[in-house]
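Some notes on the structure that comes next.
Remember, predicted model here, so these are calculated numbers, not experimental data. We count ligands from 1, going down the list as the structure has it; atoms in each ligand are counted the same way.
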Amino acid sequence: MTLDTTQQNQQRDHFADQDAIWLFGYGSLIWKAGFDYLERRPASIRGWTRRFWQGSHDHRGTPDSPGRVATLLPEAGATCHGMAYRITPDVLGPLDVREKNGYLREVVTLRFNDGDTAQGLVYIATEHNAAFLGEAPLEAMARQIATAQGPSGPNRDYLLNLDDALNQLGVEDTHIRELAHQLRQVDDTTPETS
Ligand code: BEZ
């Protein structure tokens, strides 16, 4: 699959004149940043909901057997809880490369638990990118996640780590909880091969 959003993101240079930028994480960034940061704080954004609807050909799957990873879908009235990182602008270049399989930088309003707000960035893979998989029955998504793996590791670890991290934050996300539950069910009913 030919897809690389790196160049597009270099042009989305919002906050380029600032010394520090808030970045909202809602997927793997919640439990593993993989970059240096100045500060991290639990935060949320409104009008977006987390879904395992993005295909992963380069991290948690392969082109022949893509995994499923998180993206955000617009939804009126929804709130997505995650982790905000205050970063220096040089962090964004490598992140653009790491998330090049369809994710684009967007500007959002972050809300911290104490009521403070700040403008920041979030990476979102919309339905218009070539790796977007969209909705599927929960069991089908769980079966895909149970078997996919890529250079960053098994797809299942991504989902279960996210579920654990959200639980630790005290965040209730029905989609993630039900998908993780379904994944464990699939595990229990799939015979082991030797
Ligand atoms: C995140 O974990 O928030 C994230 C998801 C997709 C791309 C970049 C970051």
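Ion pairing between Asp157 and Lys32 fails under the 4.0 Å rule for side-chain N and carboxylate O.
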Would you mind writing out a table of all protein N or O atoms found under 3.5 Å from any N or O atom of ligand 1, naming both atoms and giving the distance to 0.1 Å?
| unit_1 | atom_1 | unit_2 | atom_2 | d |
| --- | --- | --- | --- | --- |
| ligand 1 | 2 (O) | Gly27 | N | 2.9 |
| ligand 1 | 2 (O) | Ser28 | N | 3.0 |
| ligand 1 | 2 (O) | Leu29 | N | 2.8 |
| ligand 1 | 3 (O) | Tyr26 | N | 2.6 |
| ligand 1 | 3 (O) | Gly27 | N | 3.2 |

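Side-chain atoms of Thr62 and Asp64 form no donor-acceptor pair, as typed in the model, at a separation below 3.5 Å.
Note that Arg60 lies outside the cation-pi zone of Tyr158, set by a 6.0 Å cut-off to the ring centre and a 45° limit from the axis.
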Could you give me the CA-CA distance, side-chain angles and deciding distance for His81 and Asp173, then say whether side chain to side chain donor-acceptor pair (under 3.5 Å) is met?
CA-CA 8 Å; His81 294 270; Asp173 185 317; over 6 Å; no
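Using cut-offs of 30° and 60° for the angle between ring planes, the Tyr26 and Phe24 rings count as parallel.
Residues that satisfy the side chain to side chain donor-acceptor pair (under 3.5 Å) test with Ser152, not counting sequence neighbours, are His59.
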